Amino acid sequence: MKRNLHPQIKLAGVINYLIIFGALIVVFGTFAQQHYLTSVNFWLIWCLKNVAVMASLAIPLIIGMKASTVKSSNKVQIIILSVFWLLMMGVKLVTPSPTVITGSLYLITRIGPSLLCYLVLLAVGPIIKFRLQAISLPSLRKVVGGLAGIYLVSSLVLGTKWLGITGGQTIVAYIELFIIGIWIQTDPLIKQLRSRLLIPATVLATILAIFVSWLNTNVVNYDPHHGMTTTLHYLDGISLNQPLMIVACVGILIIVQRFWLTATQLKPQDTILLGTSYLWLMYPQVLATNLTLLINKAHHWPLFATLGLLVVLAIVLTLVIRLVIHLTLSLANKLNLQQIDPLPVLKRFTIQAWRTWSFIGTAWLITVISIWHLWNWKLDMLQWMILNREMVIFINVVMIYAFFAILMAIFNRYWFASVATLTSYAVWLVINLIKISSRSEPVLPVDASMVSSLGSINDLLKLVSPLAIVGVIIVILLACLAAGLLQHFDSTKRWQLPKRIVMILLSVILLSSFRVSNHPGSIAAKSLSYAKDKPYFYSQLRAAKLNGTLLQFANNIDVTVMDKPAGYSEKTMINLQKKYHAQAKQINQHRHYQNMDHQTVVFVLSESFADPTDVPNLQVQGDPIPYIHSLEKTTTSGKMISSGYGGGTANMEYQALTSLSMTNFSPTLPTPYSQLVPYQKQTFAASDLFSYRVAIHPFTANLYNRKQVYQKLGFNKFYHLQGGDKLSYTAKIQNSPYISDESAYSQTLQQITGHTGGQFINLVTMQNHMPFDNYYQSTDYPVSGTAFADAEHKKNIENYIQGLHYTDTALKGFNEKLNKVHKPVTVVWYGDHLPGIYNGDSMQQYGIQLHSTDYLIYGNKYSPAHNVKLAKHSVVSPNNFAAMLLKQMGVQVSPYYALMTRVYEKLPALALNPFDGAGNNMANGSSIMVSQHEQAVSKLSKKQKVLLHDYKLVQYDLTAGKGYLANSTFMDR
């Protein structure tokens, strides 16, 4: 017997209720931690989640069955749903992030496009239905059968994504389901299906669909102690693309149609209600945040008590939504929205806005091409970026448009603003490609310090091919010519003053929002998170590939120095001060020298120096560095784990001078020299042990803010090429553009012999800086192997190794002269990083080796460090050098250096993750520890953990905290 659905229990309401109920199950995390098939509770919850998924899948089928054939009849519904969508996005952005959810935040994988597809169906569905109802029934059956065949073949055999088969949420897939809905309502064969066959088949299809969804989302690991166990399958979304689930939905709807008479068309409120269903699946965080109190309490309730609460909540929410829709439709009737003609509006925002769309299209194309280039022109990565990173690409385009809007608002000349913006963007991308090719890192905000003066710009231009510079200049000139011509022939595009004011305000607000983009609670941070922006501060190139260079640059604007360690307070720091006062007293009992008053110490950072014979898969004919190899046998020497590859010199220099580790800083602080030191009230470094300090860098003074940094660190002189203290030795080797190491060592010797009394000298060489072109007349050390992927990199490596040989010869001459100096001189000599030219080696496989440079600590025959070799020396990090120096020289320490001595003696070497494969973006998530055997250390002892925490407390206090130790005796002997 056929019955009417109760007026208050309509099909749309049931669908909405089921979806809300399923979303609440996920939000409440009900039995999210169930073990593998240990309880029927798991299957109960899993079945309920699948019911919600099938309810959402039924929506395009239902509107196919019930859609009107009157053109444009759904425009009010489209407007109201669009407004609801915008409101929900706004609520999500201002709602605090939920912290109590243990389940997944979605039911259906990649649900985002569903609402957009639904809106498109509301717009074009009546037209499609009108056309299909005009054809014969056999033709309709062929259309439906053909679509079903394509779907099944694609899904079961080809596994293609292009028709929305795998993802399930594309307009093509929704139109397919919509047409099936039309067929269900139209074909008389549907009414002739026997119930004794229809009902069992539908039940079987539903059970199989639920089981298949479990198979598709289940992740199984083998645990030797417990056998096969599931890990995260319950937390995954359920894909609605499987054919069995569609068959189950079709069968259920036929049964509903058979046993309950429903209206032939959807009413406006029902159409809107179905659309709001997608919002709950898209934004479950809104529910989670506002129901936090109930969620916390429900975690301790029995299962059926929780389900009872969810039933009540789902009913209440459904009724509230219906009421809101009713009131909204009443308002729409009063505003007479039905009389709005959308065609003029569409024409205004499409055809008449061709200039804007051409700008956006060009910006989108340039962005996609630039990212594609970073992926080495791989077609599969191009497809992946377009289909899966569309929101990130969109953000890049919006940023570009914001720059255009600012120029347009100021000058009100469309083509000048448009061409200037796009040309600047193209130049920006070229600059990024140049930096990435040499440093494996995109342009960052800290690089702005390098272009603070004309001298710095000139120095940077020397690192770029003259041909590239000429090419950029030509492009800029052509762009100016094109802008002038376009503006001349099309000068009508103008903005009125109100629009100019609004656009410039919106653009400035948008761009300035990146100042708080790394603050978790900010709207900017939530928006970027929703768009799947992945900053990956510890791997900037990886992030640039995922986000584009422009967005990655913006990601680095908001910087946090360091997270506050647990227990940080004035009392804690006072106790810590007393602790290391006692440690210093104990250490100093065995030290003979009270201070450095009569000592000369030289820190030598040898640019890009790393033994090429240690590089995996590289064979070098001959020994390019025989002197250094011989010196390593008699002095404290070994491997320094660098925090950079192909760049990052200033970070190694910072760690060596301050004894502070990059691993303790926030991942948003990639370069302390530019982001931290200039803004500190007080700084502390190994140079503080001396009353006279000198820095030598045979290059520009402004790179990495060195002039300002050295001034902050209290250096008396800074010898460099540009102004200030002049270099006396500037000779170069053959065709090299860089001052040789021999000249740098001669400058250092001049300073050693020309000053009486103790002094600290910090030398940063430049000879082996990239690029490694044909600077030398011959290369005497051929290479072979797979560490390079092409002939060009092979040639670069051989040129680089030739430079290392000249470094070896220069260091030998320097040390021979040091031994003739009649005063104690001690040297800490280290390479900062490997050059970024070993493109045949996998960083994931050889990360530690590709971050291992060489170091030496030795003294001339008058130095207390002469012929002393420390016990622990095989593998260190640059923050260990000062403590090692003091120990090798037998100099007494302050409480600060007592701590650093314990860090050196008791902890493994600290380093940023060299494997470029960390799985998260948490602070310290990118740091590792390396043993004396160059192996990653996974666990620390209890005492080591306490020591590491003390180290973090001190570093935080001196850099980001209250500075309790800065004015105490902690830093004094």
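Values reported hereafter were calculated over all heavy atoms of this structure, with side chains retained and with hydrogens, waters and symmetry mates removed. From a predicted model like this one, the values you see are computed outputs, not experimental measurements.
Side-chain contact between R591 and K887: present, with at least one pair of heavy atoms (C-beta onward) separated by less than 4.5 Å. Between R693 and L713 there is no side-chain heavy-atom pair separated by less than 4.5 Å. Using a 4.5 Å heavy-atom threshold, the side chains of V443 and T549 count as separate. Between V602 and T826 there is no side-chain heavy-atom pair separated by less than 4.5 Å. Between V91 and Y283 there is no side-chain heavy-atom pair separated by less than 4.5 Å. F514 places a side-chain heavy atom less than 4.5 Å from the side chain of L551.
Relative ring orientation between W829 and F609 is described as perpendicular, the plane-to-plane angle rising above 60° on a 0-90° scale split at 30° and 60°. Aromatic ring pairs are classed by plane angle as parallel below 30°, tilted from 30° to 60° and perpendicular above 60°; the pair Y710 and F718 is perpendicular. Note: F665 and Y654 have tilted aromatic rings, judged against thresholds of 30 and 60 degrees for the angle between ring planes.
Contact record, S643 with Q655: OG-NE2, 3.5 Å, taken as the closest heavy-atom pair. Taking each heavy atom of Y593 and M889 in turn, the nearest pair found is CD1-O, 3.4 Å. Nearest approach of D832 to S608, heavy atoms of both residues: OD1-N, 2.7 Å. Shortest non-hydrogen contact noted between T853 and S642 is CG2-CB, 4.3 Å. Here the closest non-hydrogen pair linking T765 and E607 is OG1-N, 2.9 Å. For S512 against I509, the heavy-atom pair with the smallest separation is OG-O, 3.1 Å.
Annotation: K906, atom NZ; neighbour count of heavy atoms from other residues, nucleotides and ligands within 6.0 Å does not exceed 12. With a 6.0 Å radius and a threshold of 12 heavy atoms from other residues, nucleotides or ligands, K869 has its NZ atom above the threshold.
Judged by the 6.0 Å distance and 45° axis criteria, K872 is positioned over the aromatic ring of Y904.
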ask   = Taking it one step at a time, do D950 and R902 satisfy salt bridge (Lys or Arg N to Asp or Glu O under 4.0 Å)?
value = CA-CA 11 Å; D950 288 348; R902 296 309 185 210; over 6 Å; no
request  = Carefully, step by step, assess T969 and Q577 under the rule side-chain hydrogen bond (donor to acceptor under 3.5 Å, both in side chains).
outcome  = CA-CA 8 Å; T969 58; Q577 178 182 344; 3.1 Å; yes
key: Derivation and outcome, side-chain hydrogen bond (donor to acceptor under 3.5 Å, both in side chains), residues S661 and Q955   = CA-CA 8 Å; S661 175; Q955 182 159 334; 5.6 Å; no
task = Dump the intermediate steps for ring pair (Phe, Tyr, Trp, His ring centres under 6.0 Å) on Y964 and Y568, then the final yes or no.
result = CA-CA 11 Å; Y964 297 122; Y568 175 74; 5.7 Å; yes
Test log, rule ring pair (Phe, Tyr, Trp, His ring centres under 6.0 Å), inputs Y830 and F881 = CA-CA 10 Å; Y830 62 100; F881 286 148; 5.1 Å; yes
key: Step-by-step side-chain contact (heavy atoms from CB on, under 4.5 Å) determination, V827 to I857   = CA-CA 6 Å; V827 178; I857 302 178; over 6 Å; no
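Judged by distance alone, with hydrogens and angles left aside, the side-chain atoms of R706 form no donor-acceptor pair with the main-chain N or O of H697 at under 3.5 Å. In this structure a side-chain-to-backbone donor-acceptor pair under 3.5 Å is missing from Q599 to Q759. At least one donor-acceptor pair closer than 3.5 Å links the side chain of H851 to the backbone N or O of G847. Here the side chain of S852 pairs no donor or acceptor atom with the backbone of I641 at under 3.5 angstrom. No donor-acceptor pair closer than 3.5 Å links the side chain of S637 to the backbone N or O of Y855. Side-chain N or O atoms of S968 include one that pairs as donor or acceptor with a backbone N or O of F970 at under 3.5 Å. Judged by distance alone, the side chain of D688 and the main-chain N or O of A685 form a donor-acceptor pair under 3.5 Å. Listed for the Y956 side chain is no donor-acceptor partner under 3.5 Å among the backbone atoms of N664. With hydrogens and angles ignored, the 3.5 Å screen pairs a side-chain donor or acceptor of R389 with a backbone N or O of L546. No donor-acceptor distance shorter than 3.5 angstrom exists from the side chain of S927 to the backbone of T663, with no hydrogens or angles considered.
Using modelled atom types, one finds a donor on one side chain and an acceptor on the other under 3.5 Å when comparing S877 with N880. With 3.5 Å as the limit, one finds a donor-acceptor pair spanning the side chains of N879 and Y951. Using modelled atom types and a 3.5 Å distance limit, the side chains of T959 and Q680 yield no donor-acceptor pair. The closest side-chain donor-acceptor pair between H833 and T649 falls under 3.5 angstrom. For the 3.5 Å distance criterion, the side chains of N762 and E653 qualify, holding a donor opposite an acceptor.
Under a 4.0 Å N-O distance rule, the pair D614/K639 qualifies as a salt bridge.
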